[in-house]
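This report refers to the structure that appears directly beneath it.
When a ligand or atom number is given, it counts from 1 through the structure's own listing order. Values reported hereafter were calculated over all heavy atoms of this structure, with side chains retained and with hydrogens, waters and symmetry mates removed.
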Amino acid sequence: MSKVIISCAVTGAVHTPSMSPGLPVTPKEIADQSVAAAEAGAAIIHLHARNPADGRPTGSPEVFAQFLPEIRSRCDAVINLTTGGAVTMTVQERLAAAARFKPEMCSLNMGSVNFAFFAAGARIEKWRYPWEKDYVLGSDDYIFRNTFRDIAYILETMRDAGTKFEHECYDVGHLYNLAHFVDRGLLKPPFFIQMVFGILGGIGADLDNLTFMKQTADRLFDKDSYQWSVLAAGKHQMPFVTQAALMGGNVRVGLEDSLFIERGRLAESNAQQVQKIRRILAEMGHEPASPGEARKMLGLKGADRVEI
Ligand code: KMH
Ligand code: ZN
């Protein structure tokens with residue numbers, strides 16, 4: 001049985017409370033859903049934070065501190081903190097928590113991209129909180145900014161933290177950006193490349209693109225110098241991560257990327273998505289990697305060296 005690393009991105013900063021009752025928003029909901037996702041088989045938990053009062057995305061380390069220790073004490077999953085935060089944040093705001101807690105992993109977005117999610121708001125008749133509507137419908141004017149200087153700033157800030165990056169690549173050019181930083185000697189293998197499909201503004205969720213991104217990665221990096229994973233937005237999530245697993249890749253699920261468990265049905269929780277992909281993987285003869293196995297596959301520093 002070959003091992004597949006399941007990541008679960010439990011809340012993100014794209015979906016908002018009005019879009020699903022299953023979306024964890026408060027520190028307790030985020031902690032509980034993270035632990036349940038780990039118990040369901042997720043080896044890596046990718047985390048954002050939200051204002052407990054109204055679910056608005058925040059980069060505040062003080063809010064992360066309301067759930068990180070609890071997750072750490074209740075499960076052994078690898079904690080992966082976002083440095084992407086929300087598109088509306090500055091790169092300093094986005095980086096604050098990772099810089100403070102020095103997690104085993106954090107995301108690193110490998111290039112700028114238009115990042116629109118107004119379509120997710122189309123079906124909402126009544127918004128629960130005043131901030132949601134403008135935030136979602138205003139995304140037709142968002143550029144998710146990740147200049148070379150921004151990326152270098154994050155690399156420099158995290159240089160001595162021993163943190164491994166989840167390199168999020170929204171298009172093929174982002175793979176070349178990653179190669180650029182490798183060539184500058186700023187990154188050590190193994191790299192963890194998270195290929196992102198189906199974001200409006202990024203590469204589309206067509207299987208030819210998945211093959212193309214994988215072929216490009218193989219062209220740019222030695223095969224044994226990287227582990228790759230796939231996430232896909234919305235309705236593309238399960239078909240795409242299934243295809244990735246068939247190709248020998250790892251997978252990311254979670255309500256950050258899709259609110260659904262199947263076409264037209266909202267997922268009740270993150271764990272439900274983890275259980276679904278775990279069943280699919282089992283049918284293919286794959287088992288989820290444990291957190292310990294994921295640490296070995298990715299060369300992680302160990303949970304005892306984080307400052308949570
Ligand atoms: N929420 C978007 C800005 C990351 O975690 O680094 C994409 C994102 C990436 O969440
Ligand atoms: Zn994220």
Worked check of side chain to side chain contact (heavy atoms under 4.5 Å, CB included) between Val63 and Asn51 = CA-CA 7 Å; Val63 178; Asn51 179 332; over 6 Å; no

State whether the shortest distance between N or O atoms of [X] and N or O atoms of ligand 1 falls below 3.5 angstrom.
X	value
Tyr170	no
Gly84	yes
Gly85	yes

Would you mind checking which non-hydrogen protein atom is closest to [atom], with the distance to 0.1 Å?
atom	value
atom 8 (C) of ligand 1	Glu256 OE2, 3.7 Å
atom 6 (O) of ligand 1	Ser107 OG, 2.6 Å
atom 4 (C) of ligand 1	Thr82 OG1, 3.2 Å

Can you tell me if Gln237 and Asp257 form a side-chain donor-acceptor pair at under 3.5 Å?
-> no

If only atom types and distance count, is the side chain of Glu104 paired as donor or acceptor with the main-chain N or O of Gly302 below 3.5 Å?
-> yes

Residue Phe115 vicinity, atoms of ligand 1 by number, heavy atom under 4.0 Å | 2 (C), 7 (C)

Are any non-hydrogen side-chain atoms of Glu293 and Pro288 less than 4.5 angstrom apart?
-> no

With heavy atoms under 4.0 Å as the rule, classify the contact between Leu108 and ligand 1 as side chain, backbone, both or neither.
-> neither

Side chain or backbone of His48 under 4.0 Å from ligand 1, or both, or neither, by non-hydrogen atoms?
-> side chain

Using the side chain to side chain contact (heavy atoms under 4.5 Å, CB included) rule, take Val136 and Ile124 through it: C-alpha gap first, then chi angles, then the decisive distance, then the call.
-> CA-CA 11 Å; Val136 174; Ile124 308 301; over 6 Å; no

Assign the ring pair His180 / Phe148 to parallel, tilted or perpendicular, where the plane angle (0 to 90°) is split at 30° and 60°.
-> perpendicular

Would you call the rings of Phe117 and Tyr142 parallel, tilted or perpendicular, where under 30° means parallel and over 60° means perpendicular?
-> tilted

Look at the N, O or S atoms of Glu256, main chain and side chain alike, and state whether any lies under 2.8 Å from the Zn ion (ligand 2).
-> yes

Does at least one non-hydrogen atom of His46 fall below 4.0 angstrom from an atom of ligand 1?
-> yes

Please indicate whether Lys235 has more than 12 foreign heavy atoms, meaning atoms of other residues, nucleotides or ligands, lying under 6.0 Å from its NZ.
-> no

